[in-house]
Protein chains: 2
Amino acid sequence: MNDSVNEDIAGNARIAMFDQDCEPIDPLLPVPRALLGRTGFMLFHLGAALDAIADSRLAAVGVDARGYCMLAILSVDGPGSQHELAKLLGTAPGVLVADIDQLEGKGFVERNRDPHDRRRSRVTLLPAGERALAQADQVSAEIVASMLSGLSPAEIEQLTALLNRGLLPSSG
Amino acid sequence: MNDSVNEDIAGNARIAMFDQDCEPIDPLLPVPRALLGRTGFMLFHLGAALDAIADSRLAAVGVDARGYCMLAILSVDGPGSQHELAKLLGTAPGVLVADIDQLEGKGFVERNRDPHDRRRSRVTLLPAGERALAQADQVSAEIVASMLSGLSPAEIEQLTALLNRGLLPSSG
DNA sequence: TATTGTTATACTCTATAACTATA
DNA sequence: TATAGTTATAGAGTATAACAATA
């Protein structure tokens, strides 16, 4: 009843961490005010939110977050070995085995032995995988737009351009 | 020896996932070209990189990534209960117990029973914690600058402003 | 009965280390 | 001997469920 306890021990204004007028990104993760002005904190928070949200939102497409990343990498870099994929994803090669099994089971990719080096297994993107990638790109864009709902489409493009430039240092 | 194997099965140009001229963020995580243009992918990658890097870089300050976040939240929102902290961090309350123990052991925060509700434990930022927070902010900014080394300081400010605006939708 | 802090248990995820085959 | 893929094991991290104190 008494929700007017607005003072605490020292007589300070009582903390009201949730008296914020900022909407949560998702039911999942509230947005701490403390991240304002803290670029690293914001990036960390957005990455964690994506990690928490992406799998369930991408389920309709038939991939999880890492599967989406793999399709994107295969689309841009062309067919590659599982070790190359693992390095680009920053994970141990063993992690990808089951994931690629799944992608292969859905007809998104295929594995072929490299005749030049029969140890290697070339992973190739298939047409169904390209379609899934296009859908996943759209879902991803929707998630970003909902996470950054304060930005107009033009501003999101601006953000994308900034991140692109930041991640590609030696383009000169 | 023969590193000129530039054709594969189908005679396609052999994939050269690592023939990229982009520097890795860190020894830890290489940067896939596929994230260019994919905002969600870039944010996910940056968040994962921060997660992988932050703990070791912040060790000199005496906190880990979550400890840094807690200090920042306490600094902005004032003293709060552990449940409030847990909600803002998006984790289970039990996770914070050991973390706050550590912060308290270093003199960064203190716990006090709330006399109005003796179940609650008010966590308060101490002066040493404020100093640690300032140092952690600097370390965090350095990490961001190294991850986004293609951006000038002015552009990083621009990025920060964009993220701020995006995360605060209902400011009108 | 509901809630706060705490502890203990179970589960998920992934890195590490074998193992097989190819080189 | 070294490397690609695979599998099995172990460890880190965390959510879930109990527990004690207080409301």
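Sequence lines set the chain letters: A, B, ... in the order given, protein chains first and strands last, and positions in each chain run from 1. Both backbone and side-chain heavy atoms feed into the values below; hydrogens, waters and symmetry mates do not. Please read all numbers here as calculations on a predicted model, not as lab measurements.
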Exercise. Please answer whether the main-chain N or O of A:Leu71 pairs with a side-chain N or O of A:Ser75 as donor and acceptor at a distance below 3.5 Å.
Key: no

Exercise. Round to a whole Å and report the spacing from CG of B:Leu96 to P of C:dG5.
Key: 10 Å

Quiz item: In whole angstroms, how far is the P atom of C:dT4 from the CZ atom of B:Arg111?
Solution: 16 Å

Practice problem: Please state how far atom CG in A:Asp51 lies from atom P in D:dG13, giving the value in whole angstrom units. | Solution: 16 Å

Self-check item: Any A:Arg113 side-chain nitrogen or oxygen under 4.0 Å from OP1 or OP2 of C:dA23
Solution: no

Self-check item: From C:dA15, D:dT6, C:dG5, nucleotide with atom closest to B:Arg120 side chain
Solution: C:dG5

Practice problem: Using atom types as modelled and distance alone, determine if a side-chain donor or acceptor of A:Glu104 lies under 3.5 Å from a backbone N or O of A:Arg111. | Solution: yes

Quiz prompt | Closest to side chain of B:Arg66, choosing from C:dA15, C:dT6, D:dT14 | solution = D:dT14

Quiz item: Below 3.5 Å, does any donor atom in the side chain of B:Arg119 face an acceptor in the base of C:dT3, or the other way round?
Solution: yes

Exercise. Could you please name the option among D:dA15, C:dT16, C:dG5 that lies closest to any side-chain atom of B:Thr91?
Key: D:dA15

Quiz item: Does B:Asp99 come within less than 4.0 Å of B:Arg66, counting only side-chain N to carboxylate O?
Solution: yes

Quiz item: Under 4.0 Å between a side-chain N/O of A:His83 and OP1 or OP2 of D:dT3, yes or no?
Solution: no

Quiz item: When the nearest nucleotide of DNA chain C is assigned to A:Asp117 and to A:Val95 on a heavy-atom basis, which residue is associated with the more 5' position?
Solution: A:Val95

Quiz item: Is the number of heavy atoms from other residues, nucleotides or ligands within 6.0 Å of CZ (A:Arg118) greater than 12?
Solution: no

Quiz prompt | Atom-pair distance (CG on A:Asp114; C1' on C:dA23), nearest Å | solution = 12 Å

Quiz item: What integer distance in Å separates B:Glu84:CD from C:dG5:P?
Solution: 8 Å

Practice problem: Check the distance between D:dT6's P and A:Leu85's CG and give it to me in whole angstrom. | Solution: 12 Å

Self-check item: C:dT20 phosphate, OP1 or OP2, under 4.0 Å from A:Arg118 side-chain N/O
Solution: no

Quiz item: In terms of the nearest nucleotide of DNA chain C, which residue is placed more toward the 5' end: A:Ala92 or B:Pro93?
Solution: B:Pro93

Quiz item: Rounded to the nearest Å, what distance is computed from the CD1 atom of residue A:Ile100 to the P atom of nucleotide D:dT7?
Solution: 12 Å

Practice problem: Look only at the side chain of B:Gln138 and the backbone of B:Gln135, and say whether a donor-acceptor pair between them is shorter than 3.5 Å. | Solution: no

Quiz item: What is the distance from NZ of B:Lys87 to P of C:dT3, rounded to the nearest Å?
Solution: 9 Å

Quiz prompt | Closest listed nucleotide, where the reference is the side chain of B:Gln82 and the choices are D:dA15, C:dG5, C:dA23 | solution = C:dG5

